[in-house]
Amino acid sequence: MPELPDVETFRRYLDANGLHQTIEEVAVADERVVKRASPAELADYLQGHRLERTYRRGKHLFAALDGEGWLELHFGMTGYLAYYRDPGEAPDYGHVRLAYANGYQLAFVDRRKLGYLAPVRDLAACLAELELGIDALDPELDAAAFRELAKGRRVQVKCWLMDQASIAGIGNVYSDEILFHAGIYPRTPLPDLDWADLDRLHGYMSNVLKTATDSQVQPGAMPGDFLVPLRKVDDAACPRCGTPLAKVKACGRTSQYCPTCQPTP
DNA sequence: ACATTGACCTGAGAGC
DNA sequence: TGCTCTCAGGTCAATG
């Protein structure tokens with residue numbers, strides 16, 4: 001799940017549920033999802049404090065502690081948050097749990113353990129170290145800035161969209177979605193796109209990411225011309241033209257596309 | 001520079 | 001039913 005729309009949805013979930021309450025206890029069931037600290041250090045870092053506000057850059061989520069410091073949350077491929085009171089509701093694979101003073105728990109759930117939590121003492125330094133580019137939905141990333149970022153790059157367009165150091169937040173699923181709406185074949189070299197192509201791509205990037213976020217990343221709530229709900233459907237047809245969708249490897253990832261709407265150059 | 005592959009992890013789903 | 005195989009929405013390092 002966790003591309004920009006997913007992480008933005010998690011951010012709103014955390015805003016609605018996990019802020020402004022004192023963390024009484026931190027339980028780490030698997031230390032592999034704790035980075036840059038031992039489980040004891042993380043517990044020490046959080047206990048007695050509150051999370052006060054959130055910040056998201058690309059696929060990375062940060063929660064500010066009261067006083068100094070932040071908590072970083074990265075969701076890997078299978079991570080999400082669960083806030084609950086009844087222990088019977090505790091999800092499987094909740095590798096880290098924050099127990100709040102109000103009796104609720106916030107679990108960091110990650111079946112494959114490719115995500116992590118980490119204490120962050122200096123947010124600016126952390127962002128620099130992660131080498132994250134501008135957030136894909138940052139208002140400053142207008143069409144002109146988008147063209148500027150593409151300048152000089154010779155990668156395939158899908159690789160570029162997924163390059164977190166260039167633009168942060170787009171992964172395999174939403175790069176496919178964006179390229180589908182823009183009518184661009186995923187393996188097209190970036191230099192083959194003209195300004196009109198890049199402007200169109202930029203427009204659909206914003207549009208697709210906002211639309212997916214608005215639908216809270218529920219495939220059933222997305223517009224009828226979205227590919228996301230068709231990802232795991234065998235023999236799916238293009239929602240626009242009915243051509244059977246095809247798959248191709250790009251950037252080492254399986255990419256779904258419509259051979260008619262996204263012709264190979 | 002760029003593309004590809006394997007590793008990190010582990011479960012879900014397909015095929016036998 | 002149970003076993004084996006392949007694949008999965010993210011990154012990173014190593015290799016061509």
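Naming: A, B, ... by sequence-line order, numbering from 1 per chain.
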K.L.:
Any chance the SGs on A:Cys258 and A:Cys238 are under 2.5 Å from each other?
P.N.:
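Between A:Cys238 and A:Cys258 there is no disulfide, given that their SG atoms are not under 2.5 Å apart.
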K.L.:
Over how many whole Å does the gap from A:Gln218 atom CD to C:dG9 atom P extend?
P.N.:
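Going from A:Gln218 (CD) to C:dG9 (P), I get 18 Å.
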K.L.:
Quick check on DNA chain C: between A:Arg111 and A:Gln164, whose nearest nucleotide comes earlier from the 5' end?
P.N.:
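The residue whose closest nucleotide sits nearer the 5' end is A:Arg111.
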K.L.:
Is the gap between the ring centers of A:Tyr55 and A:His60 under 6.0 Å?
P.N.:
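For A:Tyr55 and A:His60, the ring centres are not under 6.0 Å apart.
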K.L.:
May I ask you to verify if any side-chain N or O of A:Arg253 is less than 4.0 angstrom from the OP1 or OP2 atom of B:dT4?
P.N.:
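False: A:Arg253 side-chain N/O out of range (4.0 Å or more) of B:dT4 OP1/OP2.
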K.L.:
Is A:Lys210 atom NZ crowded by more than 12 heavy atoms from other residues, nucleotides or ligands, each under 6.0 Å away?
P.N.:
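Open.
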K.L.:
How many whole angstroms separate atom NZ of A:Lys249 from atom C1' of C:dC7?
P.N.:
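Computing the A:Lys249:NZ to C:dC7:C1' distance gives 9 Å.
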K.L.:
Please check if any side-chain donor atom of A:Arg112 sits under 3.5 Å from a side-chain acceptor atom of A:Thr78, or the reverse.
P.N.:
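On atom types as modelled, these side chains do not qualify, holding no pair under 3.5 Å.
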K.L.:
If we call it a pair only when both distances are under 3.5 Å in a Watson-Crick or G-U wobble match, what pairs with B:dA7?
P.N.:
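Base partner found: C:dT11.
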K.L.:
Below the 4.0 Å mark, does C:dG10 have OP1 or OP2 next to a side-chain nitrogen or oxygen of A:His74?
P.N.:
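So the side chain of A:His74 is outside the cut-off, no N or O lying under 4.0 Å from OP1 or OP2 of C:dG10.
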K.L.:
Given atom CZ of A:Arg36 and atom C1' of C:dT11, what is their separation to the nearest angstrom?
P.N.:
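In whole Å, C:dT11 C1' lies 14 Å from A:Arg36 CZ.
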K.L.:
Kindly say if A:Arg231 contacts the phosphate of C:dG9, meaning a side-chain N or O under 4.0 Å from OP1 or OP2.
P.N.:
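True: A:Arg231 side-chain N/O within range (under 4.0 Å) of C:dG9 OP1/OP2.
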K.L.:
Can the ring centres of A:Tyr80 and A:Phe10 be said to be less than 6.0 Å apart?
P.N.:
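No, the ring of A:Tyr80 stays outside the 6.0 Å limit from the ring of A:Phe10, centre to centre.
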K.L.:
Between B:dG11, B:dC9, C:dG9, which nucleotide has the shortest distance from any of its atoms to the side chain of A:Arg112?
P.N.:
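Output: B:dC9.
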K.L.:
In whole Å, I'd like the distance from the CZ atom of A:Arg187 to the P atom of B:dC2.
P.N.:
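After rounding, the reported distance stands at 15 Å.
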K.L.:
Expressed in whole Å, how much space separates the P atoms belonging to B:dT5 and C:dT6?
P.N.:
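Result for the P pair: 16 Å, nearest Å.
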K.L.:
Please give the distance between the P atoms of B:dC9 and C:dT4 as a whole number of Å.
P.N.:
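One P to the other, the span is 23 Å.
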K.L.:
Do A:Lys232 side-chain and C:dG9 base share a donor-acceptor contact under 3.5 Å?
P.N.:
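Indeed there is one.
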K.L.:
Among the nucleotides B:dC9, B:dC2, C:dA8, which one has an atom lying closest to any side-chain atom of A:Arg32?
P.N.:
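Nearest nucleotide to the side chain: B:dC9.
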K.L.:
CE of A:Met162 versus C1' of C:dT11: gap in Å, rounded?
P.N.:
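My rounded result for the distance is 11 Å.
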K.L.:
What's the closest nucleotide to the side chain of A:Gln156 if the choices are B:dA3, C:dG9, B:dC2?
P.N.:
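Selected nucleotide: B:dA3.
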K.L.:
Using a 6.0 Å cut-off, check whether atom CG of A:Asp235 has over 12 heavy atoms from anything other than its own residue.
P.N.:
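Not more than 12 within 6.0 Å, no.
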K.L.:
Given atom CZ of A:Arg153 and atom C1' of B:dC2, what is their separation to the nearest angstrom?
P.N.:
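Rounding to the nearest Å, CZ of A:Arg153 and C1' of B:dC2 are 9 Å apart.
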K.L.:
Starting at atom CG of A:Asp110, determine the distance to atom C1' of C:dG10, rounded to an integer number of angstrom.
P.N.:
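Spelled out: CG on A:Asp110 to C1' on C:dG10 is 10 Å.
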K.L.:
C:dT11 phosphate, OP1 or OP2: any side-chain N/O from A:Lys59 under 4.0 angstrom?
P.N.:
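So the side chain of A:Lys59 is within the cut-off, an N or O lying under 4.0 Å from OP1 or OP2 of C:dT11.
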K.L.:
CD of A:Glu3 versus C1' of C:dG9: gap in Å, rounded?
P.N.:
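Going from A:Glu3 (CD) to C:dG9 (C1'), I get 5 Å.
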K.L.:
Compare side-chain N and O positions of A:Thr254 against OP1 and OP2 of C:dA8 and report whether any pair is under 4.0 Å apart.
P.N.:
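Answer yes for this pair, as a side-chain N or O of A:Thr254 is under 4.0 Å from OP1 or OP2.
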K.L.:
Tell me which nucleotide among C:dG9, C:dG10, B:dA3 gets nearest to the side chain of A:Val155.
P.N.:
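Nearest to the side-chain atoms of A:Val155, counting from C-beta on, is B:dA3.
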K.L.:
When the P atoms of B:dA12 and C:dT11 are considered, how many whole Å apart are they?
P.N.:
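Their P atoms lie roughly 23 Å apart.
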